[in-house]
Amino acid sequence: MTNEQLNSGNPRVDIEYRRKKNAEEMRHQVISFALMIFLTLIAFVAVAYEEFSGWFVVPFILLLAGVQVIFQLFYFMHMSHKGHEAPKLFMYAGMVVAFVTILCYTTIIWW
Amino acid sequence: SGQPHLSTLQPAGEVAQKQYDLMVLSTVIMLAVMAVVAVIFVVVLVKFRRKDDKIPKQVEGNHALEIIWTVIPILLILIISVPTVVSIFKFADVDAMERKNEDGTVDATVVNVRASLYWWEFEYPNEGIVTSQELVVPTDEKVYFNLIASDVKHSFWIPAVGGKMDNNTENVNKFWLEFDSEHVDPNELFQGRCAELCGPSHALMDFKAKALPRAEYDQWVSDMKNVEEAEVATTDLAQQGQEIFNQSCIGCHAVTPSNGTPAEARLAPNLTNFGERSIIAGYLENNEENLKDWLKDPETFKPGNKMTDTYGKLTPEQLDALTAYLMGLKVQD
Amino acid sequence: MSTIAQKKGFGATLWDYLTTVDHKKIAHLYLIAGGFFFLVGGLEALFIRIQLLKPNNDFVSAGFFNEILTMHGTTMIFLAAMPLVFAFMNAIMPLQIGARDVAFPFLNALGFWLFLFGGIFLNLSWFMGGAPDAGWTSYASLSITSEGHGIDFYALGLQIAGLGTLIGGINFLVTIINMRAPGMTYMRMPMFTWTTFIVSALILFAFPPLTVGLFLMTFDRMFGANFFDAAMGGNTIIWEHFFWIFGHPEVYILILPAFGIFSEIFAIFSRKRLFGYSSMVFATVLIGFLGFMVWAHHMFTTGLGPIANSIFAVATMAIAVPTGIKIFNWLFTMWGGSIRFTTPMLWAIAFIPSFIMGGVTGVMLGSASQDYQYHDTYFVVAHFHYVIVGGVVFALFAGAHLYWPKMFGTMLNEFLGKITFVLFFVGFHMTFFIQHFLGLWGMPRRVFTYLPGQGFETSNVISSIGAFLMAAGVIVLLVNVVITSVKNEKVGNDPWEDGRTLEWALPSPPPYYNFKQLPLVRGLDAYWLEKMDGKKGMTPAEPIGDIHMPNNSFIPFTISLGLFIAAFGAMFHGDEGNTWGVPVLIFGLLFTLGSMFVRSIKDDHGYHIPKKELLDDKDLGGKA
Amino acid sequence: MHVEEKMTVEKWPASPEKQTLEAKNKFLGFWFFLGGETVLFASLFATYLALKDSVPRSDMYLAKDLFEIPLVFVMTMILLTSSLTSVYAMYHMKNFDFKKMQIWLGITVVLGLCFLGLEIYEFNHYVHEFGHTFTSSAFGSAFYTLVGFHGAHVAFGLLWITTLMIRNSKRGLNLYNAPKFYVASLYWHFIDVVWVFIFTVVYLMGMVG
Ligand code: HEA
Ligand code: HEA
Ligand code: CUA
Ligand SMILES: [Cu+2]
């Protein structure tokens, strides 16, 4: 675990700097939120607009969901930050098991 | 190597034979692996016992050795994998089951196996006949099976003829077996059994398989088909028995081979050819004494079976009558 | 048992254990509880063997046999083998990495109490209308139709115990990642710690499917759901998959720590460093990974189709490769070494041929088209007892002898230990070797009896006699434990003289804070390196200072108790005329939630052992 | 440094959620827990997919008859927004602004409650309008179990965050409770992740048929 503490010796300067950084990060968060809402809208519209075939819509909205989850994990939950190596490893491992499980239940279980 | 007609080590059909060959192949490989290990093992234990207080050299590893014992097992596994995969697909090939002739008939011999607590029903859809507990099949050709269970999961297994397949509750499993005339002793039947824990009497959920040359098999089928309605008993005693049967038993047990009730609603073994079967309830030798005991109190023979307490107490006279009737239920000769 | 405990009265000791959060004491608890359940499971095994002694035996009835059989498997796997493995992980792993405790001492205690309450709940079924009777696999069609409350005990009891295991797994993971002493890099961790790490990861991913499966079963049986009822659109195969997605990793959860223990033993008693350490680590990771890709080999006959069967067959057999790497590394650890035949080493040596026997039959089972014959026969029973008893149980015996001094400060008697070994080893092969043939000759498993005249008689007699030899071995071990506890001759920090890893640098048993000063780790086999440099102990990595310690707590007990109570409510609420079920269910859950709430709002920062006390504390000898 | 020491803006570190060893442990342990939860929910999704539209009688309602876009859309928006509000709370925590953090957490809780309320309304609707219940079919069992498990997670999250807010209302932020707030917010985001898949897989894919 690396400690991300920044130190210039002068606490005031640090605080100012950090505040700015935090505010900037928050701005990014709001942008990702806006994107997420946008993706959600597209997904709903794709389904509501009944002309598209299911063969297109289903993979498409799954893809959108995947992108949203990346936003959540990497931005809201900070998985892109340093110090998240172990969490990443275990989340990926969990996703592999999750994927295999779902694959199995959609293929080798019958009606 | 076990009993003929029972042991997997005395294969009597193509499936069992292939499986046996695979067993031999893999056993040989396994023995070789164990021999290698055993040699190193013995050398180590003999040579490197502690003799003095010297500190041995601390070895980190050896790449050449490590590669050897990674690659050789991979090769051995590949050697087993190839015949394994080939045979998996071979055993799963049931296309012939559905191959229809122009007139809609099917040439393949097909048997629907329905497993219920704790008995087996064998329906021949193409011939339109039903029998129970004793499977009858032709030799030297593939026999195809549709497997299903009516209550809980069971598993259909005739060890000497081939590996098993489950009777699930929600879907039909299909596979085939072949019975070699060469290995069939006409006086012996194959032992079949349920291989999936299904309740108290799981251990007793046995059945028999009778493999007949094609001509005899055809004869059996046509004899069965000839029984169109319940045969009328000939002796007085048997007639009495039939009356009792028609009162207390017919609700569950059919005595005609072309059973009209839907498969799910057939509650008990079909008794059309009961008198010719070698067993009662799957595992008791078929004789009068056993039959009476069974009818008196099925519970002692098959704990948890579904016949217990479904009919009134039977007097000795009633037992005699029923026995006479049931023993007379024959379709051949 | 521990020196501190002896000075107190019985009541105080009991309270101490009820509230402890010390990993060493929790290890004692796991050892005692797991040991007890091992005896129970073994007794059930003896009942099985007595019933099968002769054809048509009526020692127990058919239904009762199924209960015994189910409880034997369930008890042995969940309540004996796993907790015993956890006992050693708790006792040794933190010491091996130079930590003062695990990452979450409170959760550690919670994990234990959940396991214990789950285990007690499950076993209460014997006295409350019948035990589960659908096999330890509890396949859905049968378990849904099974009458009485047996299966309910199974579903709820395992749910509670499983939760405890999951918590334990997360705890070990964090401990190993965050709490290693300075210098203890990943590639310097002792093999047992490595296996603990991988096993904990397996637990993390394998237990949720079991949790879900058990929930579905609970809902179906107690709350009217229809997951497994084919008539309502349900599907029993769902249960089979969940059980085995969990169940197969579970068997590696058992065997990997065993591999870890043996790795330590081979190195110690050959006086040699583990051969091919990095390939051992690699093989462990690979086994863990492959362990998740092979579960359907238990379902080859279910009818998944040839493609699935082929994939799973090949994946299954592939596990032979990393396991083989391990076997040969152990052999070459001994090669060129200076082998001393102590009791732990005897178990380790016997393990190699025994386990390989089980392993190669595993590969034969993995070859699906052969498995159509083997499946659900005594051949499978032989396979898994060879790997479980010849692997896991041998390791537990070996570990008990090896670590007894570290856990209790006194050595088990070597002579009695060797008697146990001989009896058990002979009995083991007698019992299970012949079962391979029984299976091949056509004897299915899970049968309460068999008919005469099929050629099964003699073999079953041999098998049953073997079981009694094993029992005799176990009894000798019990005697051994009693004798050594009474004698209680204290030993020093490195009683086997060739200890290599950090735990042997500490007094036996270690002081409650483990390390007065965290040690500096300079390489693999840290303590051995120091010894070879002529030093007595580890070089400290920090000056003596205050040590932060967690407070004892009774709350883990009450959290678990709440679930225990709730389980009764859930189970009985559906009975005819039952009025108290739902209130009890709610009360139990609130009790648990309330305990968690108290824990959450109460301040509990633990306490500090002041530096002064540590300096004075000479007789505890807490040298790092 | 004592963990419950009174903090000031000056002393407040950049990553208050992982200053002490306990905090680092909690942080890591909680992530691992989420790894396990991923598998748990995957198992529930798998069950749902296997049993979707699996009903005993042909006159029973299927996914495409049940679900309606507006309600799901509103629920989705509410829950997604609550994710943003909890991000705001963590933003203020990093800036050592306890008051604002509490306010944003409060908003998060309110949004969560709205979501739960709608979910209850929705379930009620299915039961009474369509006879689609937990016990009516395997489809029903699987649907309510999956969505209900998520709902239970929401409810637990609400209890948890509320407890934290009340417990610390007098004490303010310190290095002892900062990690607690942090993992609670992680939990809340994870609930959102799961919902993204629920609305996609259960509702949207259900409507596609
Ligand atoms: C500790 C527990 C444990 C372990 C380690 C294993 C290890 C293995 N198991 Fe086993 N198994 C069980 C416990 C275990 N098993 C249990 C409890 C059941 C039954 C459950 C039930 O139904 O109730 C079971 C059932 C079981 C089945 C299902 C059988 C059936 O029901 O039809 C299968 C099928 O593939 C299988 C395969 C394997 C394989 C391939 C391994 C491999 O990991 C083995 C690898 C080891 C070696 C191969 C030996 C060493 C290697 C070498 C020396 C290298 C060279 C070797 C070769 C080239 C072959 N096991
Ligand atoms: C860790 C796992 C484990 C262990 C250690 C064992 C150990 C043993 N097992 Fe078991 N077994 C299983 C796991 C295990 N088993 C599983 C999972 C099944 C499958 C269940 C199922 O099908 O669902 C099974 C099934 C099983 C069967 C098959 C039953 C059947 O299919 O019908 C048999 C039969 O011989 C058997 C025998 C034994 C024996 C003789 C031992 C011996 O090694 C036991 C040795 C121990 C003792 C003998 C204890 C001694 C105790 C005393 C002396 C009592 C003293 C008492 C006091 C002081 C209070 N086991
Ligand atoms: Cu039917 Cu066992
Ligand atoms: Cu397995």
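To find a chain, count down the sequence lines: A is the first, B the second, and so on, and within it residues start at 1.
- Using a 4.5 Å cut-off between heavy atoms, C:Ala103 contacts chain D through both its backbone and its side chain.
- If you measure heavy-atom distances from C:Ile203 to chain D, you find no contacts under 4.5 Å at all.
- Atom CG of D:Leu28 is separated from atom CG of C:Asn178 by 5.0 Å, given to the nearest 0.5 angstrom.
- Looking at D:Thr145, only its side chain comes within 4.5 Å of chain C, counting heavy atoms on both sides.
- Top candidate by heavy-atom pairs under 4.5 Å with chain D, chosen from C:Asp229, C:Thr211, C:Leu173, is C:Leu173.
- Within the 4.5 angstrom heavy-atom criterion, no atom of C:His241 approaches chain D.
- Across all their heavy atoms, D:Ser43 and C:Val212 have their closest contact at CB-CG2, 3.7 Å.
- Contact annotation: the side chain of D:Phe156 approaches that of C:Leu593 to within less than 4.5 Å [non-hydrogen atoms, C-beta and beyond].
- Of all heavy-atom pairs between D:Pro56 and C:Ala231, the closest is CB-O, 3.3 Å.
- Taking CD1 of C:Ile170 as the reference point, atom CH2 of D:Trp31 lies at 13.5 Å (rounded to 0.5 Å).
- One distance of note links OG of D:Ser141 with CG of C:Leu216; it measures 9.0 Å at 0.5 Å rounding.
- Between chain C and the options D:Asn25, D:Leu40, D:Thr135, heavy-atom pairs under 4.5 Å are most frequent for D:Asn25.
- Per-residue heavy-atom pair counts under 4.5 Å with chain C were compared for D:Leu159, D:Val55, D:Thr163, and the maximum is reached by D:Thr163.
- Proximity to chain C is absent for every atom of D:Phe41, based on heavy atoms less than 4.5 angstrom apart.
- Listed here is the closest heavy atom pair of D:Ser54 and C:Gly233: OG-O, 2.5 Å.
- Using a 4.5 Å cut-off between heavy atoms, D:Phe30 does not touch chain C at all.
- Looking at C:Phe228, neither its backbone nor its side chain comes within 4.5 Å of chain D, counting heavy atoms on both sides.
- The local environment of CZ in C:Phe289 is sparse, with at most 12 non-hydrogen atoms from other residues, nucleotides or ligands closer than 6.0 Å.
- Distance check, rounded to the nearest 0.5 Å: NZ of D:Lys24 to CD1 of C:Ile177 gives 13.5 Å.
- Atom-to-atom distance recorded for D:Phe32:CZ and C:Phe205:CZ is 8.5 Å, nearest 0.5 angstrom.
- In this structure, the portion of C:Phe242 lying under 4.5 Å from any heavy atom of chain D is its side chain and not its backbone.
- Considering every non-hydrogen atom in both C:Asn226 and D:Ala138, the closest pair reads O-CB, 3.4 Å.
- In this structure, D:Tyr121 places its OH atom where only 12 or fewer heavy-atom neighbours from other residues, nucleotides or ligands lie under 6.0 Å away.
- Neither the backbone nor the side chain of C:Leu166 comes within less than 4.5 Å of any heavy atom of chain D.
- For C:Ile601, the parts lying near chain D are the backbone and the side chain together; criterion is any non-hydrogen pair under 4.5 Å.
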Q.
Determine whether D:Leu44 and C:Phe215 satisfy the following criterion, side-chain contact (heavy atoms from CB on, under 4.5 Å), listing intermediate values before the conclusion.
A. CA-CA 10 Å; D:Leu44 291 170; C:Phe215 264 124; over 6 Å; no
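- If you take CD on D:Glu22 and NE2 on C:His605, they are separated by 10.5 Å, rounding to the nearest 0.5 Å.
- D:Thr38 does not touch chain C: none of its heavy atoms, backbone or side chain, sits under 4.5 Å away.
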